[in-house]
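Counting starts at 1 for both ligands and their atoms, in listed order.
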Amino acid sequence: MKVIHGRAQGKPSEQRGPTFTGVVWADPVMAPTDGVGINHVFFSPGARTHWHTHAQGQILQVTGGSGWICVHGQQAEPIRTGDFVWIGPHEKHWHGASADSYMSHVAISLGDADWLEEVSEQDYRQAR
Ligand code: MN
């Protein structure tokens, strides 16, 4: 038997702070390596990122619950367990949980993130 650990050894879960709205925890899976970082992120209902971009893009794999992905200027799209999302370089977006469900995803982030303004309640409410 072999256990493949889903969190980097010796690293505690981290509560995410000022670039998120609501309660968000993350397990560091792989510290930034060659410009690639991997985190398993857990959003409580209603929690979400701020608007942001990734210099080289980002891959999300939804591992539980349901939520939203929204690219600036477009309608938010629902995402749920098993879904994958590709976000292109410098695409302004946010991701997070539904108002009535937690959501967890693995985030494979390529290059530096540029964090922008909070997603307003009005913008979040339109994602329904
Ligand atoms: Mn992102």
Side-chain angles (χ1 to χ4, degrees):
M1 189 204 64
K2 182 175 170 65
V3 176
I4 311 298
H5 295 291
R7 184 197 305 160
Q9 205 152 12
K11 302 279 189 187
S13 296
E14 302 168 347
Q15 187 161 13
R16 289 302 161 96
T19 60
F20 291 79
T21 298
V23 177
V24 177
W25 286 83
D27 278 354
V29 178
M30 187 178 82
T33 304
D34 300 328
V36 180
I38 307 177
N39 290 282
H40 200 171
V41 189
F42 303 82
F43 298 84
S44 57
R48 67 263 187 187
T49 68
H50 288 192
W51 292 101
H52 63 286
T53 61
H54 303 277
Q56 306 296 332
Q58 184 181 50
I59 297 152
L60 304 178
Q61 179 189 9
V62 182
T63 52
S66 63
W68 300 100
I69 172 76
C70 183
V71 169
H72 194 253
Q74 299 180 17
Q75 192 68 32
E77 287 201 43
I79 50 176
R80 59 179 187 270
T81 309
D83 290 348
F84 286 79
V85 181
W86 165 245
I87 297 141
H90 303 294
E91 227 174 5
K92 182 177 174 180
H93 68 287
W94 62 267
H95 27 112
S98 307
D100 61 356
S101 172
Y102 77 96
M103 190 273 283
S104 59
H105 65 47
V106 172
I108 302 171
S109 303
L110 311 177
D112 289 338
D114 191 12
W115 291 98
L116 305 166
E117 70 275 14
E118 189 173 3
V119 177
S120 68
E121 282 301 320
Q122 187 181 353
D123 281 354
Y124 181 74
R125 276 198 305 273
Q126 287 172 353
R128 284 167 198 230

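Atoms of the protein (N, O or S only) found under 2.8 Å from the Mn ion (ligand 1) are H52 NE2, H54 NE2, Q58 OE1, H93 NE2, H95 NE2.
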* **Stepwise side chain to side chain donor-acceptor pair (under 3.5 Å) test for H93 and H72** => CA-CA 6 Å; H93 68 287; H72 194 253; over 6 Å; no
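Residues meeting the ring-ring contact (aromatic ring centres under 6.0 Å, His included) test with F20, sequence neighbours left out: W115.
With D27 as the partner, the side chain to side chain donor-acceptor pair (under 3.5 Å) test is satisfied by one option alone out of H40, H5, R7: R7. Across V71, T21, L116, T49, a single residue satisfies side-chain contact (heavy atoms from CB on, under 4.5 Å) together with W94, and that is T49.
Between Y124 and W68, a ring centre-to-centre spacing not shorter than 6.0 Å is recorded.
The shortest side-chain heavy-atom distance between I108 and L110 falls under the 4.5 Å cut-off.
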